[in-house]
Amino acid sequence: MTAVVPTPSRRSVELGPAVELVSKEEGHRQPLAPEFVSQHDFSPLEVAYDFGRVRREDIESGPRNIWRYKKLLPVPSNVEEIPNTEPGCTRLVRADRLAKALGVRRLWIKDDTGNPTHSFKDRVVAVALAAAREFGFDTLACPSTGNLANAVAAAAARAGWRSVVLIPSSLERAKVLTTAVYDGDLIAVDGNYDDVNRLATELAAEHENWAFVNVNVRPYYSEGSKTLAFEVAEQLGWRLPEQIVVPIASGSQLTKVDKGFRELGQLGLVDESPYRVFGAQAAGCSPVSAAFREGHDVVRPVRPDTIARSLAIGNPADGPYVLDTVRRTGGAIEDVTDDEVVEGIRLLARTEGIFTETAGGVTVATAKKLVESGQLDPDAETVLLITGDGLKTLDALGDRIGPKATVQPSVEAVQSALDA
Ligand SMILES: *Cc1c(COP(=O)(O)O)cnc(C)c1O
C-alpha cells in the first residue's frame, strides 16, 4: 500500500485572472498566498496575471464601481455578489478654472472624495478584503495614518468581520471618530506611523487569521490602486492622459497607476500613447522627492513633520519603485510647504468647488510648482488625483478662514458688510 503524502495545506484560491506572485527584483514566481516579501530575493511580491481576452464591452456592461474591472484584479469572479464597500466610479471633472489659475490648457480632477469613506483607500481595501476572504481570513486589520483606518473599519463592518485598526495617538480627531463609529477594535499607539507599521508587522506574524491589508495581503491591496488608472482612461473615452500628478505616501498608488495604464495598453484597451507620471510630497515628509532631486536610487528615511498626515510615511516601502516609474516616464517629483498645502486646498475649493484634505492640497500645490518650474508641460493634457475629503482635515485650515463678518439680522448690516 502506498502512503498518501499530504500536500502542504494551503487552501486553493480563485482570484480571477491572478495566477501567481512574482518578486519585483528577480521575477521569482511562487503560488498565490498571503505573503508580501519574496523569501528568494527579499523584494516585494506583486500579483502576476493571465488576463486572456478583455474587451471594453465587458467592462462597460459591469457594475458602476471598481468590480467592472474585476477581470483585471486579483478578486474572485463572483466578487460583485459578496458584501463589500463597492467603491470607485468617482467623477472625473474638467477643471477649466483651476487650469486657468495654474496656466495650463487641459486639466482634469479625478475626485476620489466621492468614495464610501471619502478617500481612495476604499479601492485598495475592497480588493484586499475580497482576496483575504478567499484566503480564509476573518479579521481585517491595518496600521493607518487615518484614511485606511476609516476604510478598513467600514469594510469589515459591512462584511461582518472583526477589524483591528492601529493608529498613531496624535491622529486628527475627525479621523479617530470616523473610524471608531464602525465599532471595531481601534487602538491608538503612542508613536508615529512608522512605529505603528512595525508593530503591525509583528502582530501579523502572531495572528494567522488577521489580514493586515497593507502588510500580509499587500500584493492584493495595492492592485486596487490600478482602478484609478482604469477609470481615468475609460472616462477620457478609452485613452491615456499625457501627464498625471499623484501624491506619494508609501508610493504604492503611484506605481500602480502606472501599472494600470500599461496593462490597458498591453490589452489593447487603449492606444499605448506616452504619458508622464509626477509625484507629490509635503516638504515635511519628502524622502522620495529628496532622492529624486539628488539623483539617488535609494530613499533615505525621514521623521515626518507635516500637516499632510495621510502622506506622512517616513520610510516609504515603494519609494525606489516610484523613482523608477517617474524616471522611466519622464516625470518629476516635487514637494511643497505646509503653507503651500493650505493654499492648494483653498485654490481647488475656490476654482472648482471641491474641498480636499491636505493630501489633495499637496497634489494641487505640487502641480502649481511643477508648472512654474517648467517641469509640467502646460500644453499637455493633465490629470490631478484628488484622493481624500477636506472634512477629515478641518484642523489644517485652523482659523485662517471664516465668515467675512458677523452682523445683526438687517439688510443694511449685510449690505455694509458686503461693501466693506
Ligand atoms: C494613503 C493615501 C495616499 C497615497 O498612498 P500610497 O501609500 O502612496 O499608496 C494618497 N492620498 C491619500 C488621501 C491617502 O490616504
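Positions are given from 1 along the sequence. In each ligand, atom 1 is the first atom listed, and ligand 1 is the first ligand listed. In this text, all values refer to a predicted model and were calculated from it rather than measured experimentally.
Using a cutoff of 4.0 Å between basic side-chain nitrogens and carboxylate oxygens, Arg327 and Asp297 are scored as salt-bridged. Contact check on Lys71 versus Asp58 returns a salt bridge, with a Lys/Arg side-chain nitrogen under 4.0 Å from an Asp/Glu carboxylate oxygen.
Scanning for salt bridge (Lys or Arg N to Asp or Glu O under 4.0 Å) contacts around Glu46 gives Lys24, Lys256, with sequence neighbours left out. In this structure Asp96 satisfies the salt bridge (Lys or Arg N to Asp or Glu O under 4.0 Å) test together with Arg94, sequence neighbours excluded. Under the salt bridge (Lys or Arg N to Asp or Glu O under 4.0 Å) criterion, Asp339 pairs with Arg400, sequence neighbours left out.
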Which N/O atoms of ligand 1 sit under 3.5 Å from a protein N/O, and at what distances?
{"unit_1": "ligand 1", "atom_1": "7 (O)", "unit_2": "Ser250", "atom_2": "N", "d": "2.8"}
{"unit_1": "ligand 1", "atom_1": "7 (O)", "unit_2": "Ser250", "atom_2": "OG", "d": "2.6"}
{"unit_1": "ligand 1", "atom_1": "8 (O)", "unit_2": "Ala249", "atom_2": "N", "d": "2.9"}
{"unit_1": "ligand 1", "atom_1": "8 (O)", "unit_2": "Ser250", "atom_2": "N", "d": "3.2"}
{"unit_1": "ligand 1", "atom_1": "8 (O)", "unit_2": "Gly251", "atom_2": "N", "d": "2.8"}
{"unit_1": "ligand 1", "atom_1": "9 (O)", "unit_2": "Gln253", "atom_2": "N", "d": "2.8"}
{"unit_1": "ligand 1", "atom_1": "11 (N)", "unit_2": "Thr387", "atom_2": "OG1", "d": "2.7"}
{"unit_1": "ligand 1", "atom_1": "15 (O)", "unit_2": "Lys121", "atom_2": "NZ", "d": "2.8"}
{"unit_1": "ligand 1", "atom_1": "15 (O)", "unit_2": "Asn147", "atom_2": "ND2", "d": "2.8"}

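The aromatic rings of Phe261 and Tyr275 lie perpendicular to each other, with more than 60° between the two planes, well past the 30° mark.
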